[in-house]
Amino acid sequence: MIIERVIMKNEDVMNIAKKRGFLWSSFEIYSGVAGFFDYGPLGAILKNKIMNKWRDYYLVGEGYYEIESPTIMPEEALKASGHVDHFNDPMTECKECLEVFRADHVIKDVTGEDVEGLENQELTEILSKEQIRCPRCEGHLTHVWSYNLMFQTLIGAKGKKSGYMRPETAQGIFITFKRLLRFNRGKLPFGIVQLGKAYRNEISPRQGVIRLREFTQAEAEIFVDPKNKGHPRFREIESQVLTLYPADIQEKDGEPIKVTAQEAVRKGIVSSEILTHQLCLANKFIKELGIPFEVIRFRQHLKTEMAHYAIDCWDVEIHTDRYGWIEVIGIADRADFDLKSHSEYSKEDLRVFMEYDQATTIKKLVVKPDMKKFGPLFKGNAPKISAVLKKTDPESIKNAFNKENIYNMEIEGENYQLTPDLLSFEESQETVRGEKIYPHVIEPSYGIDRITYSVLLHCFQQDDDKNILHLPADIAPIAVNVFPLVNKDELVLVSEHIRDDLRAEGMIAELDTSGTIGRRYARSDEIGTPFAVTVDHQTLEDKTVTIRERDSQKQVRLPVSKIPKTINGLINKKIKFSEFEAI
RNA sequence: GCGGCUGUAGUCUAGUCUGGUUAGGACUUGGGCCUUCCAAGCCUACGACCCGGGUUCAAAUCCCGGCAGCCGCACCA
């Protein structure tokens, strides 16, 4: 028997997803709000299973730790991260053609002046003073207003402190870096992950769950030594083949290339081993969710689209019939931008002390002021002068003494003359055991909602006109269905026992007695339940039941007592269905 | 945000142009009958005119506004 499989379209998938309780738009009875989606009963399980699989990769596999930080953040923190300034775009609209522009961009194009950071009022004044018109139709432009992509809120009863809903989960990790570094006993590299909601007040969200105002991210921040961007277990994955679409090929309108991870590093296509390792992890993860290799590609950010601090950035894209290639994961080398910036704003030292393999000893000339003479001579200014001297190169002072026997220095407009008797020079030895550095950050950022959507889209297929959700067994919401072949009391009773045994084994199991057996198989297939146990007349005679596999529609007969362990084994891929003899 | 199109049970849809009886059908779902392996059949039940205002004796139908969806433009550090 040959099953004819047809890939389904976005529209059909979304309809079934709504009907079967995976996904629907939120607040429906109040006519809905764009950019918000609910996960229904099955969708919530599916999403959680995907997130737990992600944890298997990053917590168990990579040995990283998860934290949970608040979704509301104070303004200062987001000021440091650059989000307050960057998410606050000054906008202006043409009164004639109704085009909307970034006001600072329009001004820069005309005057050539960089006006970033100016107030809206000032920008409005520049627009009218310079008589700047619409770049497209020469129409008049409106006053400048801010469009803030972050949801703003007020913290506290009097609401004096301004806060925002976090636009990404990553910042919670950077902010706690000091404690995390201590937790990891001061050593690099280490990784911290966070899964949770993030918020962006999109101007006009559309495209279903592709662009949400509230969405779920799974992010890892991997802190590494900038001098060592290797990965200890790179050998394990170096032969993995990736579909890469590097920036230079995009610029030449070329086709993506298939290369092994090893080649990607050797030829310098991807900037580091650890970044490549992340691409491989993402590749494997996506494939294990049931998304075929052909619809996955890694697109490198063009220089123009890459954030100014990022060294290298790759988007994992999945092809969809409706929206083309969509970004589901962003993998970036963010260098030291975030930690440096938080360090500057918070005045906390977020550097890591890196010990050298070998300590080096440096010989140095040090200038020492004779404070007994300094005090009476310079009075209150003495401490100032000695502080400046400490920072001055002793050699230059020595040179001055050799030439003119005097050293002139100026502090805050005052002139001071130092004579050799006021200073002595000493040779000192200093041992340098290491240095403080800002770690670089490798950041894979997974969009869980987009991934969940992609899984539904690519796992749904029409097999001989029936809708079948070919989910990998380990992420299917319902593990197994139990059906009495006909709706008779004695069969139902046995079925209930089997369902309870399956639940006791830790699986989500359901019983369905309604309609004909065929209808029940169909319903079960449509929500992706990988296995069905059917109780029939023979069960009453010899205590055996059949297990039906969703994808092959084949059945095997086994003793009732072996069912829970067998189904569990099948779901965890410890047993293969094909090992049994089909009936 | 702008423009165009659209909005009837869970889903698909008839009716709207040309206002007029209890808004009709199919599928789905619940209950029952029948039924010993892949959405069969029979009986039965539940279930809808996106919201608000206006015109009219009378509005699913015409008009205005809002909301939502789709498409295009713009936006998407």
Side-chain angles (χ1 to χ4, degrees), chain A residues 1 3 10-12 14-21 24-36 40 78 81-89 91-102 104-105 116 134-136 142 145 147-150 167-168 200-208 210-213 301 305-310 322 326-327 330 337 463-468 481 483-488 490-491 512-526 532-541 545-550 552-555 557 583:
Chain A
M1 185 178 66
I3 300 169
N10 165 78
E11 205 188 320
D12 303 320
M14 287 308 279
N15 272 339
I16 301 169
K18 196 194 279 183
K19 183 170 86 175
R20 292 298 185 197
W24 52 67
S25 38
S26 303
F27 316 116
E28 273 181 325
I29 65 165
Y30 297 106
S31 74
V33 182
F36 296 95
L78 290 160
S81 68
H83 285 93
V84 169
D85 295 328
H86 284 115
F87 267 61
N88 233 330
D89 292 341
M91 310 294 277
T92 183
E93 187 185 26
C94 171
K95 289 173 185 170
E96 259 70 44
C97 70
L98 302 169
E99 281 257 29
V100 177
F101 304 95
R102 287 259 318 242
D104 52 343
H105 288 184
E116 211 182 300
C134 171
R136 208 174 75 161
T142 64
W145 78 91
Y147 188 79
N148 195 336
L149 238 38
M150 289 195 290
E168 59 175 15
R200 293 180 193 182
N201 198 2
E202 301 284 352
I203 296 174
S204 149
R206 261 183 238 165
Q207 307 173 310
I210 304 302
R211 238 171 109 195
L212 293 172
R213 285 183 164 132
H301 274 207
E305 71 182 306
M306 194 151 57
H308 63 278
Y309 49 80
R322 190 81 187 323
I326 58 166
E327 175 197 349
F337 174 83
D463 293 8
D464 296 335
D465 285 334
K466 287 200 299 187
N467 302 324
I468 302 193
N481 273 309
F483 303 137
L485 187 57
V486 287
N487 201 357
K488 292 234 167 82
E490 57 271 31
L491 294 186
D512 189 354
T513 62
S514 147
T516 62
I517 190 71
R519 179 177 289 268
R520 284 175 275 161
Y521 285 144
R523 263 201 294 257
S524 172
D525 289 343
E526 198 172 81
V533 171
T534 306
V535 176
D536 56 17
H537 63 290
Q538 198 181 327
T539 308
L540 301 176
E541 290 162 17
V545 290
T546 62
I547 302 176
R548 170 189 178 271
E549 188 191 38
R550 177 196 64 206
S552 65
Q553 300 193 11
K554 289 200 173 117
Q555 282 175 291
R557 188 170 279 277
I583 35 174

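Naming: A, B, ... by sequence-line order, numbering from 1 per chain.
Nucleotide B:U28 holds its P atom 12 Å from the CD atom of A:E526, rounded to whole Å. Here the P atom of nucleotide B:C42 and the CZ atom of A:R519 are 12 Å apart, to the nearest Å. Rounded to whole angstrom, the span from the CZ atom of A:F483 across to the C1' atom of B:C38 amounts to 10 Å. Between the P atom of B:C38 and the CD atom of A:Q553 lies a distance of 10 Å, rounded to the nearest Å. Note: CG (A:N15) to P (B:U28) measures 16 Å, nearest angstrom. Atom CZ of A:R520 is separated from atom C1' of B:A40 by 14 Å (rounded to the nearest Å). A straight line from CG of A:N201 to P of B:C75 spans 18 Å, rounded to a whole angstrom. Atom CZ in A:F27 sits roughly 12 Å away from atom P in B:A68 (whole-Å rounding).
Here A:S25 lies out of heavy-atom contact (under 4.0 Å) with every strand. In this structure, A:R322 reaches the sugar-phosphate backbone alone: every heavy-atom distance under 4.0 Å involves primed, P, OP1 or OP2 atoms, never a base. Residue contacts shown for A:R548 include a base, since a base heavy atom lies under 4.0 Å away.
Both distances falling under 3.5 Å, in either a Watson-Crick or a G-U wobble arrangement, place B:G3 opposite B:C71. Here B:G41 sits opposite B:C33 as a Watson-Crick or G-U wobble pair (both hydrogen-bonding atom distances under 3.5 Å). For B:G65, the paired nucleotide is B:C51, the pair qualifying as Watson-Crick or G-U wobble because both relevant distances are below 3.5 Å. Nucleotide B:A59: unpaired (no Watson-Crick or G-U wobble partner with both distances less than 3.5 Å).
A gap of 14 Å separates the P atoms of B:A14 and B:C50, to the nearest Å. A gap of 23 Å separates the C1' atoms of B:C51 and B:U11, to the nearest Å. Comparing the C1' positions of B:U21 and B:C2 gives an interatomic distance of 45 Å, to the nearest angstrom. B:U16 and B:G20 have their P atoms separated by 8 Å, with the value rounded to a whole Å. Rounded to whole Å, the separation between the P atoms of B:U61 and B:U18 comes to 14 Å. Across B:G24 and B:C49, the matching P atoms stand 13 Å from one another, rounded to whole Å. One P atom belongs to B:A60, the other to B:G7, and the distance between them is 15 Å to the nearest Å. With both ends at atom C1', the span from B:C46 to B:A9 equals 10 Å, rounded to whole Å.
Under the rule for a salt bridge (Lys or Arg N to Asp or Glu O under 4.0 Å), A:K466 has no partner lying at least two apart in sequence or in another chain. Residues that satisfy the side chain to side chain donor-acceptor pair (under 3.5 Å) test with A:T539, not counting sequence neighbours, are A:D536. Under the rule for a side chain to side chain donor-acceptor pair (under 3.5 Å), A:E28 has no partner lying at least two apart in sequence or in another chain. In this view, A:R548 and A:D525 satisfy the side chain to side chain donor-acceptor pair (under 3.5 Å) rule, not counting sequence neighbours. Residues passing the side chain to side chain donor-acceptor pair (under 3.5 Å) test with A:E490: none are found, sequence neighbours excluded.
A:R213 contributes a side-chain N or O that, together with a main-chain N or O of A:A34, makes up a donor-acceptor pair within less than 3.5 Å.
Taking the nucleotide of RNA chain B with the nearest heavy atom to each of A:D512 and A:V33, the more 5' of the two is matched to A:D512. In terms of position along RNA chain B, the nucleotide closest to A:E11 lies nearer the 5' end than the nucleotide closest to the other residue of the pair A:E11 and A:D525.
Side-chain nitrogen and oxygen atoms of A:R20 include none within less than 4.0 Å of the OP1 or OP2 phosphate oxygen of B:U28.
Closest approach of A:S81 and A:F337 over heavy atoms only: O-CE2, 3.9 Å.
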From CA spacing to verdict: side chain to side chain contact (heavy atoms under 4.5 Å, CB included), A:K19, A:N467: CA-CA 13 Å; A:K19 183 170 86 175; A:N467 302 324; 5.5 Å; no
Report all interatomic pairs (protein N or O, nucleotide N or O of nucleotides 34-36 of chain B) with separations under 3.5 Å.
unit_1 : atom_1 : unit_2 : atom_2 : d
B:U35  : O4     : A:N487 : N      : 3.4
B:U36  : O2     : A:H537 : ND1    : 2.6
B:U36  : N3     : A:H537 : ND1    : 3.4

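Partner of A:D512 under the salt bridge (Lys or Arg N to Asp or Glu O under 4.0 Å) criterion, out of A:R523, A:R520, A:R519: A:R523 alone.
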